[in-house]
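Heavy atoms only: backbone and side chains are in, while hydrogens, waters and symmetry mates are out. So you know, we letter chains A, B, ... as the sequences are listed, proteins then strands, and number each from 1.
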There are 2 protein chains.
Amino acid sequence: MINGNKRPTIYDVARHAGVSITTVSRVLNDPGRVNPETRRKILASIDALGFVPKAEARARAMQKNGRIGVVTPFFTAPSFVQRLRGIATVLSSKNFELVIYPVYSADHLQRYLSTLPLTGNLDGLIVLSLPVNDEEAERLIRHNLPTVLIEYPHPALNCVEIDDVEGGRMAANYLLSKGHRRIAFLGDTDLPEYAIHPVSLRLSGFRQALKEAGIDLPEAFVRLAPYTQEQTRQVAKELLELPEPPTAIFAATDFQALGVLKAARQLGVEVPGQLAVIGFDDLDMAEYADLTTISQHLDESGKLAVEILFAQLESPSRLPRHVKLPLTLIERKTA
Amino acid sequence: MINGNKRPTIYDVARHAGVSITTVSRVLNDPGRVNPETRRKILASIDALGFVPKAEARARAMQKNGRIGVVTPFFTAPSFVQRLRGIATVLSSKNFELVIYPVYSADHLQRYLSTLPLTGNLDGLIVLSLPVNDEEAERLIRHNLPTVLIEYPHPALNCVEIDDVEGGRMAANYLLSKGHRRIAFLGDTDLPEYAIHPVSLRLSGFRQALKEAGIDLPEAFVRLAPYTQEQTRQVAKELLELPEPPTAIFAATDFQALGVLKAARQLGVEVPGQLAVIGFDDLDMAEYADLTTISQHLDESGKLAVEILFAQLESPSRLPRHVKLPLTLIERKTA
DNA sequence: ATAAAAGGTGAAAGTGCTTTCATCAGTTGT
DNA sequence: ACAACTGATGAAAGCACTTTCACCTTTTAT
């Protein structure tokens, strides 16, 4: 190939065939008007250069395939991945494209939300664990972009919600039923402003349930750590080294529960003998760690979101649906 | 409405909002650079007029679609996710869309590979751990779709490779250096035909190194299990219950190494005292489990792939580049 | 032979958008 | 008080095509 560079344009074809671009264009759009002789020459050049009129290809491609966008806090946390998995499964079976928009900042989110309905070329949108305000919601609706929010409620949009408060209660009640009285909570520090914070809700349910049972939750038993294994472990260690350490810890996410388990291992604290640990999420790895936890059916919620989305695609005038997925306590070996 | 029919253009919006088209364009493409006040005004105008930028004009002006595709075996395995993470990070910083094509069967793969260059509307493609044959490669090239293969070599395409054989050797040599002589291998069963199987390569390197050291690898010490925690655990248990069990196990992936650890825990086998375990991948969770493993720099490899892709986008005539990422042994506490 | 119509082609003016570069008003540093 | 930035904006130059219009040959009709 003589020309190594770039995709050929109509100009290249024109030059190659010794005609003007006008004529080339006509061969493509109105072949009747061009001399058969010239036409053949041009067609030959088109083949030789492998010229593909771009605009056409694009329009066709954009029209033909369905595209669903997923806006997600950058999928560092395993729980996002697992939800994404549910989404991908259904989407692919329906032959829809999956476009991912990772969010790294509030700015990012804002930008996607205002821009996607316009330039995104999407048939539908799923927003994962991110806050959508009224203005943004209204814009999504006005631009007819069917949307499902996961883990964040908005009256005007479809939502798949988790009852985090209830989850906190479940954890508390379970530990209470096992006879624990000195129970601590370990959550993550506030996420950056752009994400939502279900962990606080879990804490509040947890606190409520304890209170109802007449159990005190001292401030020293409520600890937050950044969402990393190492820092969580450190904080868990501090909890366990208290003069009167808790006999049970509710970790607001499985990922952090693993940090707690690690701390216990290092300190030689026996689980569940000396310390009960319960998590939240039921990640894949919870099973590996034999972690007792509260499952929020991550894969399920992803699938469900897609299904709601498709339902709305079919009847766009449907009222927004709000679904609350049940939580399940999975009893394994750490509590 | 004053304006007759016709879809509104960026000019209409600009006029309506009392700004220049430049600023309107910026609201769509780089909202950060425009004053929030102005931005809101413009967004309001956009909504009022129902403006939708024409995708075709857009792509023409940009000389790109701003979309890159990733074909991946359905991302159930954590290692894919982690690579994807690297990819997503770079992509998003360059303002490109990430389109995911999950592959569930050989058929699927074949279909993507043949249709994406035509209708995919992509600027580039990344293929994750999937085999691409000559015919498919040729088509990708003919249609000018810059492509990077990860974990699968092809002479005509860019590749980011892992030296799995060397990885196997590293594992073997490390365990040998620790004085182990009875060393077992635990891999996953063959993946479905559509995926490639680096695990066999790891095994062969492992075997070689042992052989060179004059150590025997009895068939009973080479075990395969489906890629699930439970089944892996079962097989590991069988290994450990052998009359003369191994003193070290090389698990071909971290995920499976965790299964081994679990089996050991359940049998009361002390790690690393009675049993050394080494994995492969260095997943996030490897750190949690204190797993000694061979890191293949998953995030890195994803990033690298994107960078190679962009390099090719800039100079399309470049020869395909083949990069072999180094492996690193991460010594933690299980071996 | 001669005007009129037809056939074929190219120069150039759109098309709707992005992006570079210049401008200009405010800040900040000294 | 004055140079040196910074942030926000617009004018204008692309981008890859399509379309209009004017031009030049040929044919055909008279």
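Counting non-hydrogen atoms under 4.0 angstrom, B:Leu28 reaches nothing in the nucleic acid.
When the C1' atom of D:dG10 is taken as reference, atom CZ of B:Arg26 falls 8 Å away, rounded to whole Å. Rounded to a whole Å, the CG atom of B:Asn35 is 15 Å from the C1' atom of D:dG10. Per the geometry, CD1 belonging to A:Ile10 stands 11 Å off P belonging to D:dA16, to the nearest Å. Distance CZ (A:Phe51) to P (D:dA16): 10 Å, rounded to an integer number of Å. Distance A:Arg40 CZ to C:dG8 P: 14 Å, rounded to the nearest Å. Computed from coordinates, the A:Asn29 CG to D:dT20 P distance equals 12 Å when rounded to whole Å. Atom CD1 in B:Ile21 sits about 12 Å away from atom C1' in C:dT15, given to the nearest Å. As a whole-Å value, the separation of B:Phe96 CZ from C:dT18 C1' is 14 Å.
Salt bridge status for B:Glu56 with B:Arg60: present, with a side-chain N to carboxylate O gap under 4.0 Å. B:Arg85 and B:Asp284 are joined by a salt bridge, as a carboxylate oxygen and a charged side-chain nitrogen come within less than 4.0 angstrom of each other. Between A:Glu138 and A:Arg142 there is a salt bridge, since at least one side-chain N of the basic residue sits less than 4.0 Å from a carboxylate O of the acidic one. A:Arg67 has no carboxylate O lying under 4.0 Å from a charged side-chain N of A:Asp123, or vice versa, which leaves the two without a salt bridge. Look at B:Glu151 and B:Arg83 and you find a salt bridge, because one of the NZ, NE, NH1 or NH2 atoms lies within 4.0 Å of a carboxylate O, short of that distance.
Closest to the B:Val34 side chain, of the nucleotides D:dT9, D:dA16, C:dC17, is D:dT9. Listed candidates were C:dT19, C:dT9, D:dA11. Nearest to the side chain of B:Met62 is C:dT19.
OP1 or OP2 of C:dT18 has not a single side-chain nitrogen or oxygen of B:Gln63 nearer than 4.0 Å. Phosphate contact (OP1/OP2 of C:dT9, side-chain N/O of A:Thr23, threshold under 4.0 Å): absent. OP1 or OP2 of D:dT18 lies within a sub-4.0 Å distance of a side-chain N or O belonging to A:Ser25. Note on B:Thr9: every side-chain N or O is 4.0 Å or more away from OP1 and OP2 of C:dG16. Taking side-chain N and O atoms only, B:Arg58 has a distance below 4.0 Å to OP1 or OP2 of C:dT18. Between B:Thr38 and D:dT9, a side-chain N or O to OP1/OP2 separation shorter than 4.0 Å is present.
Defining each end axis of the helix from C:dA1-D:dT30 to C:dT30-D:dA1 as the rotation carrying four pairs' C1' atoms onto the next four, with five pairs an end, the two axes are found to diverge by 30° to 10 degrees.
Where A:Gly32 and A:Tyr11 each meet DNA chain C at their nearest nucleotide, the meeting point lying more 5' is that of A:Gly32. Position along DNA chain C of the nearest nucleotide to A:Pro36 versus A:Thr22 favours A:Pro36 as the more 5'-ward residue. Positionally, the nearest nucleotide of DNA chain D for B:Ser20 lies more toward the 5' end than for the other of B:Ala61 and B:Ser20.
When each of A:Thr189, A:Val199, A:Asp188 is tested with A:Tyr227 by the rule side chain to side chain contact (heavy atoms under 4.5 Å, CB included), just one qualifies, namely A:Asp188.
Without hydrogens or angle criteria, B:Thr38 side chain to B:Val34 main chain gives no donor-acceptor distance under 3.5 Å.
Of the N and O atoms on the side chains of B:Glu161 and B:Tyr152, not one donor lies less than 3.5 Å from an acceptor on the other residue.
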